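Below you'll find the structure, written out as structure tokens, and then a few comments.
Counting convention: from 1, in listed order, for ligands and their atoms alike. Please read these numbers as outputs of a predicted model, since none were measured by experiment.
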Amino acid sequence: MLILGIESSCDETAASVVCDGRKMLSNEISTQIPVHTLYGGVVPEIASRKHIERISQVVDKALSDSGCTLDDIDAIGVTYGPGLVGPLLVGVSFAKSMAYAAKKPLVGVHHIEGHISANYIEYEDLKPPFLCLVVSGGHTHLVRVKDYGEYEILGRTVDDAAGEAFDKVARAIGLGYPGGPKIEKISHEGNPDAIAFPQGKVSDHPYDFSFSGLKSSVLNYLNEQKMKDNEINRADVAASFQKSVVLSLVERAEMALDEFGGDTFAIAGGVSSNGTFRSAMEKMCKRKGVRFAAPRPILCTDNGAMIASAAYFDYMKGIRSGLDLNAVPNLKLGER
Ligand code: KG4
Ligand code: ZN
């Protein structure tokens, strides 16, 4: 079963062909990061325009790299939410037109379900149930994956997503967009114990995350140092901030393992390419005696392969979308 997956929910135009939900035959990603860097973040209107400019070529390249023609494809999967409405609409309209013209079934995919499914590509033998932390620029979800396409959300961020916090702190210390990789890089030169930044807690909701307090305390620290005319060590700030985020993620992951058990813990989403986060999770999983799963970095960031994989498992369950499929910017996980 060959699925063409299309992703355009934010600032990556991406397409991929995946066989049986596991074997990636191509993975074409056209990133808009250099354009948005000029503005310090994603500008939705520019993102939509760039998706329109690129989508045709990206899909063509994904097909040709895979050695397939559109004729060989069994179904088309596309992200229809959550995300930015304009960018989502480009992918959805393109996929609908293709499905109509080529008479192929269409499957609308939830973006987070896609991120989780990247693990099915990385590990051919990985099967639900397992626990998963989805950490990206827009989401921080602690999820129980009960079966393919069946999720229970144990906790989520009540304010900023983890990636968003990375991006905002990076901007505050003058590192630019996107912040995650830049904070990670500079933190190698810093001391993670230099500044004691707090870890956000949400009372009565132990699995929920909060990162806005941490962000404010970084901003307060920067202001204080400025007022005292002290020089700011950006590497120390980055390393200490990163440590606080990683601790709060790993702590909840461990709590979930204690309560719900299971033999596997997976991570997904853009922040999962962070080396400090990956190794802290790996260490915790080793200590708990459970398998740790993490997609390679190119599958952590937004891509079409994860969408094709999720679409495959949905397709096998009989899920199909009509030509009335629309972009749903705030689509909830598990909703259709
Ligand atoms: O999953 P993704 O590509 O897009 C969304 O669905 O949001 O995630 C992008 C986010 C950005 O906030 C970016 O700063 C963060 O992932 N990110 C990282 C790293 N690489 C990307 N955060 C921390 N460390 C990294 N190495
Ligand atoms: Zn994403």
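Protein heavy atom at the shortest distance from atom 24 (N) of ligand 1 is Asn274 ND2, 3.0 Å. For atom 2 (P) of ligand 1, the closest non-hydrogen atom of the protein is Asp302 OD1, 3.5 Å. For atom 22 (N) of ligand 1, the closest non-hydrogen atom of the protein is Gly180 CA, 3.2 Å. Looking only at protein heavy atoms, the nearest one to atom 15 (C) of ligand 1 is Val271 CG2, 3.9 Å. With respect to atom 26 (N) of ligand 1, the closest heavy atom belonging to the protein is Glu184 OE1, 2.7 Å. Regarding atom 17 (N) of ligand 1, its nearest protein heavy-atom neighbour is Gly270 O, 3.7 Å.
Ligand 1 does not have His139 within reach: every non-hydrogen atom of the residue lies 4.0 Å or more from it. The closest approach between a heavy atom of Cys10 and any atom of ligand 1 is not below 4.0 Å.
Under the 4.5 Å side-chain criterion, counting only non-hydrogen atoms from C-beta, Leu299 is in contact with Met24. The shortest side-chain heavy-atom distance between Val18 and Met306 does not fall under the 4.5 Å cut-off. The shortest side-chain heavy-atom distance between Glu259 and Tyr207 falls under the 4.5 Å cut-off. The shortest distance between side-chain heavy atoms of Leu4 and Met98 falls below 4.5 Å. Looking only at side-chain heavy atoms (C-beta outward), Val59 and Ile6 come within less than 4.5 Å of each other.
Residues Gly21 and Ile121 share a closest heavy-atom pair of O-CG1, 4.0 Å. The two residues Ala253 and Met284 make their nearest non-hydrogen contact at CB-CE, 3.8 Å. Ala256 and Leu142 get closest at one heavy-atom pair: CB-CD2, 4.0 Å.
Between Glu12 and ligand 1, not a single N/O pair is under 3.5 Å apart. In terms of N/O distances under 3.5 Å, ligand 1 is not approached by Pro178. At least one N or O atom of Gly137, backbone or side chain, sits closer than 3.5 Å to an N or O atom of ligand 1. For ligand 1, the polar-atom distance check finds no N/O of Gly269 at less than 3.5 Å from any of the ligand's N/O atoms.
The pair Lys317-Asp147 does not count as a salt bridge, with every side-chain nitrogen at least 4.0 angstrom from each carboxylate oxygen. With respect to Glu164 and Lys168, a salt bridge is recorded, a charged nitrogen being found less than 4.0 Å from a carboxylate O. Between Lys201 and Glu251 a salt bridge is recorded (basic side-chain N to carboxylate O distance below 4.0 Å).
Ring pair Phe241/Phe166: centre-to-centre distance below 6.0 Å.
Ring geometry for His111 versus His139: interplanar angle of 30 to 60°, hence tilted.
Close approach to Gly138 involves these atoms of ligand 1, each under 4.0 Å from a residue heavy atom: 7 (O). Close approach to His115 involves these atoms of ligand 1, each under 4.0 Å from a residue heavy atom: 1 (O), 6 (O). For ligand 1, the atoms lying closer than 4.0 Å to a non-hydrogen atom of Thr301 are 3 (O). Residue contact check: Gly163 has heavy atoms under 4.0 Å from atoms 12 (O) of ligand 1. Taking a cut-off of under 4.0 Å to the non-hydrogen atoms of His111, the atoms of ligand 1 that pass are 6 (O).
A side-chain N or O of Gln225 and one of Asn230 form a donor-acceptor pair less than 3.5 Å apart.
Using a 4.0 Å cut-off between heavy atoms, Asp167 contacts ligand 1 through its side chain alone, with no backbone atom that close.
Exactly one residue among Tyr315, Phe130, Tyr312, Tyr120 makes a ring pair (Phe, Tyr, Trp, His ring centres under 6.0 Å) with Tyr148. That residue is Tyr120.
Listed by chain and residue number, the protein N/O/S atoms under 2.8 Å of the Zn ion (ligand 2) are His111 NE2, His115 NE2, Asp302 OD1, with waters left out.
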